[in-house]
Amino acid sequence: LQYSDRQKNCAEKATAMRGLSIDDTLGKLLMATIDKLKIKKSERSNASSCVNNITAKVVTHLKQNVNWCKDIERLRTGSYYENVKICEPDEFDVMRSIPVDVALKRHPNKHALHRFLNEDKTIQASEMLSEFRDAVKEAVQKLPCRSKQTCIKKKPRCPAVTLEVKMEENGKTISIDFVLGLKVHRASWPDFTKDGFKIETWLGKKEKANMKHRPFYLVSKYEGKGHAEHDGTDAWRISFSHVEKEILKRHGHSKTCCEDVGYKCCQKECLKLLKYLLQQLKEDDSKSRKMSKFCSYHAKTTLLHACATRGTDSKWHTVNFVQHLRKCHLPNFFIPSHNLLRQASPSSCDFLANEIEFQLNNNFLIFS
DNA sequence: CTGTTACCGAAGACA
DNA sequence: TGTCTTCGGTAACA
């Protein structure tokens, strides 16, 4: 999508009176759209106090009542916490991670997780998940009446425990995903990540080395968000949500990105627009069937690839989702061998590519 | 060692 | 555009 330069221009000069060219019209529309996508401060306040209240109580309950959850940690991930959530603060991802260290390997019988070990020393996901789910359920039942409008949803193929909470302030429903994860701190990331995460020219070699020292997480989560370690129900997928969050925070190439007066990069804004475009297309009943295999993680991955290949901030100006779609090929940013579009049919990829090109050629009519 | 606090950055609100 | 505010993250502190 080739709008960021224009948009940046527009951001800087929006107040200057200029004759209305086509570009200005488009710039204004995109700026107005970005405004529209902003989350209201009051709604954010409402939702976050609700979410924080509930998650705090759930984690205390887990720590106190489940022996292997003693050291459980909270990791807030996903678009809300990356400041790229659009429209409404209605989806929260909270990972509950259990540190898994070398102690488990050396002294498997003494470790709190030892009862979940399979014969081949892998960890049974299904048993852990069902205990986790039951414990979260108990915690929710203990919540005060004020939060009684809370229920647990089971989404098909989604092992996360999802709470749906109806807020009394405005009657809106928010969902909180509790994701059970194993935090693995090793010397390096698994081999299949070797050729991924190419951020050298974007954020630098030093930064990459830094990030690679971070742990990685094994989670049971959505299809298409990671790489399956095992097949069947006992599947753990590797997750780099924490790294995604961090590099989105340090979005710019130069250390002073967004600090200089008068210069504002727009990666996040572009991602929001692309997500909104996908959302709008998904909500269109006549198109939703063809759109079912696409999700916002595709948009995010596209942004990461674009940032990584463009290098310096000023040169960053296209997000070539369309190219990925034409080839039906969008590698996971961290695991290049994993194609995120493998489940989308060539015809639906072409369909979306056409839709995006149509919007590009028609001043994003869908936004107005 | 653990829980609290204080500070800082991001971003929305508003004059 | 600059300032104020809230939330989230973290490091220092008790």
Atom pair distance, as rounded to whole Å: NZ in A/K36 and P in B/dG12: 16 Å

Donor on one side chain, acceptor on other, A/E131 and A/W68, under 3.5 Å: yes

Shortest side-chain distance from A/Y81, nucleotide among C/dG8, C/dT5, B/dA11: C/dG8

Closest to the A/R44 side chain, choosing from B/dA13, B/dA10, C/dC7: C/dC7

Comparing A/K272 and A/K63 on DNA chain B - which has the more 5′ nearest nucleotide: A/K63

Dot-bracket pairing map - DNA chain C, Watson-Crick plus G-U, both contacts under 3.5 Å, | cross-strand: ||||||||||||||

Nearest-neighbour nucleotide for the A/K268 side chain, C/dT6, B/dA10, C/dG8 considered: B/dA10

Atom CG of A/D191 with >12 non-hydrogen neighbours under 6.0 angstrom: no

A/Y80 side chain, from C-beta outward: closest of C/dG8, C/dT5, B/dA10: C/dG8

Mutual orientation of the aromatic rings belonging to A/F240 and A/F216 [parallel < 30°, tilted 30-60°, perpendicular > 60°]: tilted

For atom NZ of A/K41 and atom C1' of C/dT6, their distance in whole Å: 5 Å

Separation of B/dT2 P from A/D71 CG (nearest whole Å): 8 Å

Distance, rounded to the nearest Å, where A/E88 contributes CD and B/dG12 contributes P: 15 Å

Below 4.0 Å: OP1/OP2 of C/dG8 and any side-chain N or O of A/N52: yes

Distance in angstrom units between A/K85 NZ and C/dC7 P, rounded: 18 Å

Sugar-phosphate only, base, or nothing, as touched by A/K38 at under 4.0 Å among non-hydrogen atoms: sugar-phosphate

Sugar-phosphate only, base, or nothing, as touched by A/K245 at under 4.0 Å among non-hydrogen atoms: sugar-phosphate

Note: A/R115-A/E127 ion pair, threshold 4.0 Å (strictly below): no

Residues, nucleotides or ligands: over 12 heavy atoms within 6.0 Å of A/K194 NZ: no

NZ (A/K63) with more than 12 external heavy atoms under 6.0 Å: yes

Any A/S48 side-chain N or O less than 4.0 Å from OP1/OP2 of C/dT6: no

A/K70 NZ - B/dC1 P separation (whole Å): 13 Å

Interatomic distance where CD belongs to A/E73 and P belongs to C/dG8 [whole Å]: 19 Å

Nucleotide C/dT6, atom C1' - distance to CD1 of A/I39 in whole Å: 14 Å

Presence of salt bridge, A/E73 and A/R96, under 4.0 angstrom: no

